[in-house]
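Predicted model only: the values in this text are computed from it and were never measured.
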Amino acid sequence: MNKTVNPNELKPAGDVGPLYAARKKVYPQSVSGTFRRIKWGLMAVCLGVYYFLPFVRWNRGLGAPSQAVLIDLPNSRFYFFFIELWPQEVYYFTGLLIVAAVALFLMNSVGGRIWCGYLCPQTVWTDVFYAVERLIEGDRRERMKKDKSSDPLKLERISEIVLKHSIWLMIAWWTGGAWVLYFNDAPTLVKELVTFQGPMIAYIWIGILTATTYVLAGYMREQVCTYMCPWPRIQAALTDEWALNVTYRYDRGEKRTSVKKAAELRALGQQVGDCVDCYQCVAVCPTGIDIRNGPQMECIQCGLCIDACDNVMAKIGRPKRLIGYDNDINIHRRQEGKAPIYRIVRPRTIVYSAIIAAIGGFMVYMLATRSLLDVNVLHDRNPVAVKLSDGSIRNAYTVRLLNKSGYDRAIAIDVEGPINPTMHVVGADSVTPDRPIIVIPRDSTSELRLLVTAPAENNPEKSIPVRFHVMDIGLGVAASATDNFVAP
């Protein structure tokens, strides 16, 4: 039988609906348990380090910055406790980024997205904002009830909203303020900011980070993980079948039924699962998914559903870990009556660990053996060489001396290559005429113009290698650089 269709209900050709699904607000319920305590502990450590590390002091001597961790952009220095890095040592940051990336791969191969669930800044700050929200507005049911209230403009409700957002803004402001403290002496900058005498760039960055923290942790929350972050897509290509992910053990959980019905079926000797369809795993999930539907991109592997399910299993007298860190291999093994196997150590994790150890060890070796005295030499390009009236040959060089130590150095310069050379430092007084000795201030770079002259006899009429040696005459620390001595 034909049915009359309203033309207004027809969709135009090619209309497939909205590009993005409308967001459904998530109301995570509070939960207690092992993984929740781990998250609280890691959150306290991460926030404590981030907020208070700029105020830790480290004595580097007179005239040096006393902040333990400092990114000194005006002087192009990075300080990390006893380590001081110069722009020429940017390769340490490259190595650190490689180690961090491979460590992320290692975490993923061992425990899935444990970075996302426990250490990611988005997760940490969202947890803080949720804690504030629960403290002021109540737990899941209370918040849902208040949001659906027919009278949202009650004075009590308005006061709760104002208080919540005020605390959120204060946390966000503190987050932005802590960030800029890593770029200047923290106590000094705090005093300048409070008295409105701080640099404008500091206020700008505090404003930017306050806004981003407030929006990302207060409003966007799980949408950042689902839509903005690339890691859920990348990690799927880096995992394997042995990685331990938060998994619903359907070999135990199915067939689902109520507590009362399950007891009746067990009394009759029938097979029944441990899952009682209480939806507590869904209620506590910060992204609002049902872990029983299998692996999902939205899952951040935080383990809160494990705590929720364990609490329910304890109440109904069933074994814990119906949800746990596991994989499909072990689920199938249990279905076949075999014992589970956990392969944390396997070729993938061994390779990742070896890469981390190799790069980390190399960086530690380089730091332990690096010289605090360095030299760079650049030959003049025009003219390349000059022939003097007595027939001798002169080459000019720009010599840059780097003193990375915390004290002044008396540096002697020697040259090796031309026969019977003499040296002269333009515009600088030297203790000896043939072996220039220059005083280089602490933690600084000095640029010299050095003239090297050699007699024409016994020196070939072509380019020959020349090596410049610099030595701290007090400590014997030496460095060298190579260039060419050119005939005109």
Atom CH2 of Trp86: over 12 foreign heavy atoms under 6.0 Å: yes

CZ/Phe362: more than 12 non-hydrogen atoms of other groups inside 6.0 Å: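 Open: at most 12 neighbouring heavy atoms sit under 6.0 Å from CZ of Phe362.
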
Cation-pi, Tyr250 ring and Arg256 (6.0 angstrom, 45 degrees): no

Cation-pi, Trp231 ring and Arg233 (6.0 angstrom, 45 degrees): no

Whether Tyr51 and Trp125 hold their rings parallel, tilted or perpendicular, with breakpoints at 30° and 60°: perpendicular

Side chain to side chain donor-acceptor pair (under 3.5 Å) partners of residues 98-121, not counting sequence neighbours, each pair once: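 Of all non-adjacent pairs touching residues 98-121, those that pass side chain to side chain donor-acceptor pair (under 3.5 Å) are Tyr118-Tyr325.
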
Of all pairs that satisfy side chain to side chain donor-acceptor pair (under 3.5 Å), the ones with a partner from residues 353-370, not counting sequence neighbours: Glu89-Arg370

Please list, chain by chain and in numerical order, all residues satisfying side chain to side chain contact (heavy atoms under 4.5 Å, CB included) with [X], sequence neighbours excluded.
| X | value |
| --- | --- |
| Phe183 | Ile71, Leu73, Trp179 |
| Asn59 | none |
| Thr94 | Ile98 |
| His165 | Ile161, Trp168, Tyr214, Tyr219 |

Candidates Lys404, Arg60, Arg77 - the one meeting salt bridge (charged side-chain N to carboxylate O under 4.0 Å, His left out) with Glu84: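 It is Arg77, the one option of Lys404, Arg60, Arg77 that forms the salt bridge (charged side-chain N to carboxylate O under 4.0 Å, His left out) with Glu84.
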
Sidechain N-carboxylate O distance under 4.0 Å for Glu137, Lys146: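 Result for this pair is no, no salt bridge flagged.
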
Residues Arg249 and Asp274 bridged, charged N to O under 4.0 Å: no

Distance-minimising heavy-atom pair for Asp139 and Pro28: OD1-O, 4.0 Å

Qualifying residue, where the test is side chain to side chain contact (heavy atoms under 4.5 Å, CB included) with Ile323 and the options are Asp307, Leu304, Ile291: Ile291

